[in-house]
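Notes follow the structure.
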Amino acid sequence: MSSSPADSLDTEFLVISGGRQLRRAARPARQEAYDAEVRALIRATSEVMLRKGCTEVPKVSEIVREAGITNQAFYRHFRSRDDVIVATYEQGMLSVYNYLRHRVGKKSSWQDKLEAWIDGIFAQIEDPRLADLSAVIQWNVAQIAREKTEIEPVGRARIRALLVTILTEAGVADPDRQALFVDTLVTGTASHYMDTGRQPTPEDRQALLRFCLGGLGSLRA
């Protein structure tokens with residue numbers, strides 16, 4: 001998965017200022033233009049972040065210049081620079097969710113679905129561009145007052161909810177709590193590899209999967 005967060009947006013998941021869904025228009029042509037503006041802004045935000053690295057938060061002027069659109073178009077969808085940064089993060093999370101859902105959907109047993117979910121999380125750090133983009137987006141989000149933006153934090157919740165469905169299918173007791181534990185372990189391990197610049201080996205992946213399956217197996221009804 002080497003695309004940027006905006007490359008395959010599903011308008012169901014697009015977010016704008018105030019936590020509302022993407023601005024809707026009565027005319028299809030106008031709606032297509034609005035959709036394209038949001039795609040351009042999220043893609044541009046990603047590109048500016050990558051160029052700046054973990055040194056400086058992008059300015060609105062830099063984002064609109066990269067996107068090739070006007071300030072008026074920017075503020076049609078986002079209240080501030082902070083909103084578009086959080087929206088870029090959220091769109092990235094939703095892209096990961098769609099990717100995981102696709103991988104998991106191709107499996108039959110809950111064990112294979114769990115393995116697909118774990119492998120999908122690790123795939124995000126194995127593509128150098130995705131790993132770099134993830135690092136700079138998370139750095140940028142940490143620099144802003146997240147509580148002042150009203151963009152809905154739905155991405156992480158959907159990723160974990162997918163894991164809950166897997167554990168529910170497995171008959172694990174208290175699947176919500178166990179999903180929290182597995183999610184924290186897997187994403188924390190992925191972050192460790194990303195921070196250290198080391199790629200997990202196939203043996204590392206299998207050891208993590210066995211650890212999760214072993215713990216969950218004892219919790220099945």
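Since we're looking at a predicted model, the values are computed, not measured. Just the heavy atoms: all of them, side chains too, but no hydrogens, waters or symmetry mates, feed the values below.
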**Fill in**
Output for pair (Lys113 NZ, Ile118 CD1), nearest 0.5 Å, gives 15.0 Å
**Message:** Applying salt bridge (Lys or Arg N to Asp or Glu O under 4.0 Å) as the test, list every pair that has at least one member in residues 189-202; sequence neighbours left out.
**Reply:** Arg198-Asp204
Give every donor-acceptor pair under 3.5 Å between a side-chain atom in residues 132-139 and any protein atom, sequence neighbours left out.
unit_1 : atom_1 : unit_2 : atom_2 : d
Ser134 : OG     : Gln138 : NE2    : 3.0

**Prompt:** Got a second to check how far Arg39's CZ is from Gln91's CD, nearest 0.5 Å?
**Reply:** 9.0 Å
**Message:** Using side-chain heavy atoms (C-beta onward) and a distance below 4.5 Å, is Arg51 in contact with Pro58?
**Reply:** no
**Request:** Would you check if Val104 and Thr165 make a side-chain contact, meaning some heavy-atom pair closer than 4.5 Å?
**Result:** no
**Complete:** Heavy-atom closest pair (Ala40 atom, Ala67 atom, distance to 0.1 Å) is O-CB, 3.7 Å
**Prompt:** Stepwise, does the salt bridge (charged side-chain N to carboxylate O under 4.0 Å, His left out) test hold for Lys107 with Glu169?
**Reply:** CA-CA 13 Å; Lys107 305 300 180 179; Glu169 179 183 330; over 6 Å; no
**Request:** Following the transitive rule for hydrophobic clusters with a side-chain heavy-atom cut-off under 4.5 Å over Ile, Leu, Val, Met, Phe, Trp and Tyr, establish whether Ile121 and Leu208 coincide in one cluster.
**Result:** yes
**Straight-line distance of Leu185 CG to Cys212 SG, nearest 0.5 Å** = 5.0 Å
**Asked** Quick one: do Val164 and Val172 end up in the same hydrophobic cluster if we chain Ile, Leu, Val, Met, Phe, Trp and Tyr together by side-chain heavy atoms under 4.5 Å apart?
**Response** no
**Min side-chain heavy-atom separation Thr168-Trp110 under 4.5 Å** = no
**Prompt:** Is there side-chain contact between Thr70 and Val64, with heavy atoms separated by less than 4.5 Å?
**Reply:** no
**Item:** Derivation of the side chain to side chain contact (heavy atoms under 4.5 Å, CB included) call for Arg81 and Lys59
**Value:** CA-CA 7 Å; Arg81 174 203 63 185; Lys59 300 179 178 66; 5.7 Å; no
**Message:** For the backbone of Ile125 and the side chain of Gln199, can you confirm whether one donor and one acceptor N or O come within less than 3.5 Å of each other?
**Reply:** yes
**Prompt:** Are Ile159 and Leu180 connected in a single hydrophobic cluster, I mean Ile/Leu/Val/Met/Phe/Trp/Tyr linked by side-chain heavy atoms less than 4.5 Å apart?
**Reply:** no
**Item:** Side chain Gln124, main chain Gly120, donor-acceptor under 3.5 Å
**Value:** yes
**Over all atoms of both residues, closest heavy-atom pair of Pro128 and Glu126** = CD-O, 3.4 Å
**Side-chain heavy-atom pair Thr187, Arg156 within 4.5 angstrom cut-off** = yes
**Asked** Are the side chains of His102 and Lys106 in touch, meaning some heavy atoms are under 4.5 Å apart?
**Response** yes
**Complete:** Separation between OG1 (Thr88) and CZ (Phe78), nearest 0.5 Å, reads 6.5 Å
**Prompt:** Among all residues two or more places apart in sequence or in another chain, which pass the ring-ring contact (aromatic ring centres under 6.0 Å, His included) test with Tyr89?
**Reply:** none
**Nearest non-hydrogen partners of Leu216 and Leu114, listed with the distance** = CD1-CD2, 3.8 Å
**Prompt:** Is it true that atom NZ of Lys52 has more than 12 heavy atoms of other residues, nucleotides or ligands lying nearer than 6.0 Å?
**Reply:** yes
**Message:** Atom CZ of residue position Phe211 - does it have more than 12 heavy atoms of other residues, nucleotides or ligands inside 6.0 Å?
**Reply:** no
**Prompt:** Heavy atoms, side chains only, cut-off 4.5 Å: are Ile85 and Met49 in contact?
**Reply:** yes
**Prompt:** Among the clusters formed by ILVMFWY side chains lying less than 4.5 Å apart, do Phe74 and Val48 turn up in the same one?
**Reply:** no
**Complete:** In terms of heavy-atom contacts, Asn140 and Glu56 come closest through OD1-O, 4.1 Å
**Asked** Are the side chains of Tyr75 and Val60 in touch, meaning some heavy atoms are under 4.5 Å apart?
**Response** yes
**Message:** Let me confirm one number: the CZ-CD distance from Arg205 to Glu203, rounded to the nearest 0.5 Å.
**Reply:** 11.0 Å
**Request:** Taking all heavy atoms of Ala116 and all of Arg103, pick out the closest pair and write down the distance.
**Result:** O-NE, 3.3 Å
**Asked** Hey, any chance Phe181 and Val186 share a hydrophobic cluster, counting ILVMFWY side chains that come within less than 4.5 Å of each other, even indirectly?
**Response** no
**Message:** Could you measure the distance from the CZ atom of Arg129 to the OG atom of Ser46? Nearest 0.5 Å is fine.
**Reply:** 7.5 Å
